[in-house]
Amino acid sequence: MKIFVTGGAGFIGSNFVHYWLREHRTDEIVNFDALTYAGNLENLRGAEGGKRYRFIKGDITDAAAIAEAMAGADAVVHFAAESHVDRSILGPAVFVQTNVVGTQVLLDAALAAKVKRFHHVSTDEVFGQLMLGTAEAFREDTPYHPRNPYSASKAAADHLVRAYATTYGLPVTISNTSNNFGPYQFPEKLIPLAVTNLLEGKPVPVYGDGKYVRDWLYVEDHCRAIDLILQKGKAGETYCIGGLTQDISNLEVVKKIIALLGAEGSAMQFVKDRPSHDRRYAIDWSKAKRELGYAPAHSFDEWLAKTVAWYRENTAWWQRVKSGEYQRYYREQYENR
Ligand code: NAD
Ligand code: DAU
């Protein structure tokens, strides 16, 4: 099988490329990525040079480049996106361009290339927020209620993907997935930001009261879920994919990281809240379990410790990432907060 991956130089995409080349020894991957601030070819060391892997630098909004690069693909796995909520609040335009327009360009190309499957990687944020202290969880039939520019752009993309299935018969699948963690995650997201700040002797900024809840999914479980969807998922279907945490707050996550690194309790700094901050996410992944045999296998505590160790051992990776553009972003996002 030949898979056309978009955004394979980012966090989840690069983990997926490594996973797929390891688990599917005769398959080929074309990785199409614009190498924005979040794309990093260093994430793909080990894959590069092999005969089954090819990288193409390009923008998913460029229809001609996409048509040429996608030719001959059996399946598309679409990760490319602007992915950070805080950046979407600072500047929403590029989120609409990449996440909505880019997805539509890919859908057109996939129709023309007659791919057998178009898998769209989406987020649980499209469903909005749940309240603390409830047992509610997002399911495939939860109504959409996005509350920030990032999640609104992902929701629009999801609607387009479904519209191409019903209108033109494109064989699509969608996964709505919770917060991933693991190696190669850009240090703008909570876990790598906390780990690398602490390693630099800087405090971890905690938004608002810190009593916000996310469902944490180790990135390899996410890659395996996509594998199962490609093998066993039905065209036209959506699958909610989650991890093994149960209502763990940001405060608890940060405290665990502080303990793992032996840092001081005062290493946490409460800062002004994110506007329209979603209070709680939780995922009911029973449909994926029932129909695909999916279950997350990586416990949060064990794999958080391994993730922290990865950042400790790969200081050159994140120090390079945290230089340059990152400094400008960090000042804009956190100064005077
Ligand atoms: P990321 O920001 O780490 O990587 C995004 C990648 O897309 C980068 O390599 C970047 O260069 C590339 N890209 C951005 N704009 C592009 C464009 N116009 N053309 C081509 N490539 C472009 O993102 P991630 O965290 O790996 O997320 C991947 C996907 O998974 C996204 O669609 C995101 O919405 C979704 N998702 C992420 C999470 C999470 O916790 N990180 C959870 C659920 C869903
Ligand atoms: O739920 C899936 C989504 O998870 C993905 O679709 C997004 O691409 C991904 O970025 C992530 O979104 P979040 O906004 O949940 O992730 P983030 O790491 O930015 O924040 C996690 C929680 O931590 C959230 O409640 C905000 C809080 N936070 C975040 C940062 C960066 C802080 O308290 N301080 C911070 O400095």
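Being a predicted model, the structure only gives us computed values, none of them experimental. When a ligand or atom number is given, it counts from 1 through the structure's own listing order. Basis for what follows: all heavy atoms, side chains included, without hydrogens, waters or symmetry-related copies.
Classification of the Tyr212-His277 ring pair by plane angle, with boundaries at 30° and 60°, yields parallel. The aromatic rings of Tyr334 and Tyr329 stand perpendicular to each other, their planes meeting at an angle above 60°, with 30° marking the opposite boundary. Ring-plane geometry between His18 and Tyr184 is classed as parallel, the angle between the planes falling under 30 degrees on a 0 to 90 degree scale with a further cut at 60. Aromatic ring pairs are classed by plane angle as parallel below 30°, tilted from 30° to 60° and perpendicular above 60°; the pair Tyr144 and His159 is tilted.
When each of Lys114, Glu28, Lys116 is tested with Asp74 by the rule side-chain contact (heavy atoms from CB on, under 4.5 Å), just one qualifies, namely Lys116. With Asp247 as the fixed residue, the salt bridge (charged side-chain N to carboxylate O under 4.0 Å, His left out) test singles out one of Lys211, Arg280, Arg279: Arg280. The residue from Arg162, Glu140, Lys287, His120 that alone fulfils the side-chain hydrogen bond (donor to acceptor under 3.5 Å, both in side chains) condition with Thr238 is Arg162.
Near ligand 1, Gly7, Ala9, Gly10, Phe11, Ile12, Asp33, Ala34, Leu35, Thr36, Ala38, Gly39, Gly58, Asp59, Ile60, Phe79, Ala80, Ala81, Ser83, Thr98, Val121, Ser122, Thr123, Tyr150, Lys154, Thr177, Ser178, Asn179, Asn180 each place a heavy atom less than 4.0 angstrom from the ligand. For ligand 2, the protein residues within 4.0 angstrom (heavy atoms only) are Ser83, His84, Val85, Asp86, Thr123, Asp124, Glu125, Tyr150, Thr177, Ser178, Asn179, Glu188, Lys189, Leu190, Leu193, Pro205, Val206, Tyr207, Tyr212, Arg214, Asn250, Arg274, His277, Tyr281, Tyr334.
Considering only heavy atoms from C-beta on, Gln97 stays 4.5 Å or farther from Phe95 through its side chain.
Side-chain atoms of Trp20 and Asp27 include a donor-acceptor pair closer than 3.5 Å.
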